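Lettering of chains follows the sequences in order, A, B, ..., and the numbering in each one begins at 1. The model shown is predicted, which means the values in this text are computed figures rather than measured ones.
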Number of protein chains: 2
Amino acid sequence: MNGSSPSTRERILAAAEALFAQRGFDGASLRQLTSAAGVNLAAVNYHFGSKDKLVEEVFRRRLDALNAHRLEALARIAGQPSTTVEDVLDAFIRPALELSHDDHGALFMRVLARAFAEHDDTLRQFLSDNYGHVIRQFTAEFARLLPHLGKAELYWRIDLVTGALTHAMSGFGLIRRQSGVSEQAHREQTITHLIRFSAAGLSHP
Amino acid sequence: MNGSSPSTRERILAAAEALFAQRGFDGASLRQLTSAAGVNLAAVNYHFGSKDKLVEEVFRRRLDALNAHRLEALARIAGQPSTTVEDVLDAFIRPALELSHDDHGALFMRVLARAFAEHDDTLRQFLSDNYGHVIRQFTAEFARLLPHLGKAELYWRIDLVTGALTHAMSGFGLIRRQSGVSEQAHREQTITHLIRFSAAGLSHP
DNA sequence: GCTGGAGTCAAACGATCGTTTGAGGATACG
DNA sequence: CGTATCCTCAAACGATCGTTTGACTCCAGC
């Protein structure tokens, strides 16, 4: 049933990631999408069942890898006495930024930011299912490192950190890569600024 | 040409604000919109020319008031020796949160967040025209209060503050108003958390 | 009283949307 | 060779989109 066509299915997913990031889920039509991918219009419904299912698949493919990397990085430092708030933030941020190594990965972060903006309930539910346990584990580690903060206070600050992350990762903001700076160096700079900023916001008395 | 119908035009704008926030610019159709507003379908094109012009009008109406309040608040404190980073943040944040006094104002903040997510160039250009000088004046005041930061460093931090603001103001996050807390108290709490968090992120060495 | 512009209305326009259909090509297995 | 399965293709489906049209109501001004 699968493993047969390495081409069509993947071409659709790649084109979908790019077009969803560029024009949004509603704005990108299946005709634009299949035309860009060089496949037949009916191929989407054949391989994925519907446009909504395709959207879910675009998310699942990336989120599974992203969350696995995050939890892996967290497991290496969680509970250790030498671990700092900056370390935990690095474990959360770096996998997301390094996903952008892949050209399509950078587009995916914009897709993710769009999904946050859309208040569609089914999509939020889907994201909550895939994200929930990750956020919970990171929150627990933050709580250990910041015992002076009440539960409500900690939630507030983590929520604001999430906002800064989403903003920076999706390329919303004014900051753009300078022409003289390599993609690699710019990413490292972004991580550094994000961690310093978030650590200060999280830790302050 | 104007001042004639106090009803139809305003009803369309109110319904548009709500539906754009809920379903997005593409997702909200003129038929849903005019039906919710209790006006005829053709009324939108008659009063605004097109759907795009209606979107622009929704933005212009709110942004003019928002930016005016922000600059007014900034003017009261800018350049004074006793002014703190927290004061400047308050001048920027409070007008946005108090726009939510109006029921429709709260919806507008979500519309604004959506506009950030849409990378539509014409809409970003429009926002830049209306927002640009405000951001510039606030940046200048931050630069005065944080002389130890380089220009690039300051831009980075302000960008991240913007992310946290957009996130919190649009109700993206996990934080929701508790049932026991009044709307007024919740808004004040949001402002307090935002200012403390952002001030720490902006000021840290 | 009549005229003319402003506003509202139902109806229709062409375009585009997501999805379905049925025929046909390709390949592997008996 | 026959046939079953996976896949692709052009074409069409009904629905909905933003927009336009032309008739109708209302009301102020000469």
Side-chain angles (χ1 to χ4, degrees), chain A residues 1-61 111 114-115 118 120-123 126, chain B residues 1-61 111 114-115 118 120-123 126:
Chain A
M1 42 196 69
N2 204 345
S4 50
S5 145
S7 177
T8 299
R9 214 185 119 94
E10 289 301 317
R11 291 237 291 276
I12 292 175
L13 283 171
E17 217 162 50
L19 268 178
F20 287 160
Q22 190 180 351
R23 319 211 195 204
F25 304 114
D26 286 348
S29 74
L30 290 186
R31 283 170 177 82
Q32 296 171 348
L33 203 157
T34 51
S35 174
V39 304
N40 187 271
L41 169 63
V44 170
N45 283 281
Y46 177 80
H47 285 282
F48 299 94
S50 70
K51 186 181 182 181
D52 285 339
K53 295 283 186 63
L54 170 62
V55 172
E56 278 197 14
E57 190 58 29
V58 167
F59 277 96
R60 190 186 316 276
R61 197 173 59 140
V111 172
R114 266 188 189 277
E118 318 261 351
D120 181 274
D121 282 338
T122 70
L123 198 54
F126 173 80
Chain B
M1 42 197 68
N2 204 346
S4 50
S5 145
S7 176
T8 299
R9 215 186 119 94
E10 289 301 317
R11 291 238 292 276
I12 291 175
L13 283 171
E17 217 161 51
L19 268 178
F20 287 160
Q22 189 181 352
R23 319 212 195 204
F25 305 114
D26 286 349
S29 75
L30 291 186
R31 283 171 177 82
Q32 295 171 347
L33 203 158
T34 51
S35 174
V39 304
N40 187 270
L41 170 62
V44 170
N45 282 282
Y46 178 80
H47 285 281
F48 299 94
S50 69
K51 186 181 182 179
D52 285 338
K53 294 286 186 60
L54 170 62
V55 171
E56 278 198 15
E57 190 57 30
V58 168
F59 277 96
R60 189 184 317 274
R61 195 174 59 141
V111 173
R114 265 187 189 275
E118 317 260 351
D120 181 273
D121 282 338
T122 69
L123 197 55
F126 173 80

What's the shortest heavy-atom distance between [X] and [Y], and which atoms?
X        : Y        : answer
His47(A) : Arg9(A)  : O-NH1, 3.8 Å
Leu19(B) : Ala28(B) : O-CB, 3.8 Å
Leu33(B) : Ala15(B) : O-CB, 3.9 Å

inquiry  = For Leu13(A) and Leu54(A): C-alpha separation, side-chain torsions, deciding distance, then whether side-chain contact (heavy atoms from CB on, under 4.5 Å) applies.
reply    = CA-CA 8 Å; Leu13(A) 283 171; Leu54(A) 170 62; 3.9 Å; yes
Has [X] got a side-chain N or O lying under 4.0 Å from the OP1 or OP2 atom of [N]?
X        : N       : result
Ser29(B) : dT16(D) : no
Thr8(B)  : dT8(C)  : yes
His47(B) : dA6(C)  : no

Distance, rounded to the nearest Å, where [X] contributes [atom1] and [N] contributes [atom2]:
X        : N       : atom1 : atom2 : value
Leu19(A) : dC17(C) : CG    : P     : 11 Å
Asp26(B) : dC17(C) : CG    : P     : 11 Å
Leu33(B) : dT19(D) : CG    : P     : 12 Å
Phe25(A) : dG18(C) : CZ    : P     : 14 Å
Leu41(A) : dC17(C) : CG    : C1'   : 10 Å
Lys53(A) : dG18(C) : NZ    : P     : 16 Å
Asn45(A) : dA12(D) : CG    : P     : 19 Å
Leu30(B) : dA10(C) : CG    : P     : 16 Å

Listed nucleotide nearest any side-chain atom of Tyr46(A), set dT19(D), dT19(C), dT8(D) = dT8(D)
query = From dT20(D), dG18(C), dT21(C), pick the nucleotide closest to the side chain of Ala42(B)?
reply = dT20(D)
task = Starting from the 5' end of DNA chain D, give me the residue, Arg31(A) or Asn40(A), whose nearest nucleotide shows up first.
result =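 Taking each residue's closest nucleotide, the earlier one in sequence belongs to Asn40(A).
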ask   = Donor-acceptor pair, Lys51(A) side chain versus Phe25(A) backbone, under 3.5 Å?
value =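 Flag set: sc Lys51(A) to bb Phe25(A) pair under 3.5 Å.
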query = Between Gly49(A) and Gln32(A), who's closer to the 5' end of DNA chain C by nearest nucleotide?
reply = Gln32(A)
query = Reckon Ala43(B) touches a base, only the sugar-phosphate, or nothing at all at heavy-atom distances under 4.0 Å?
reply = nothing
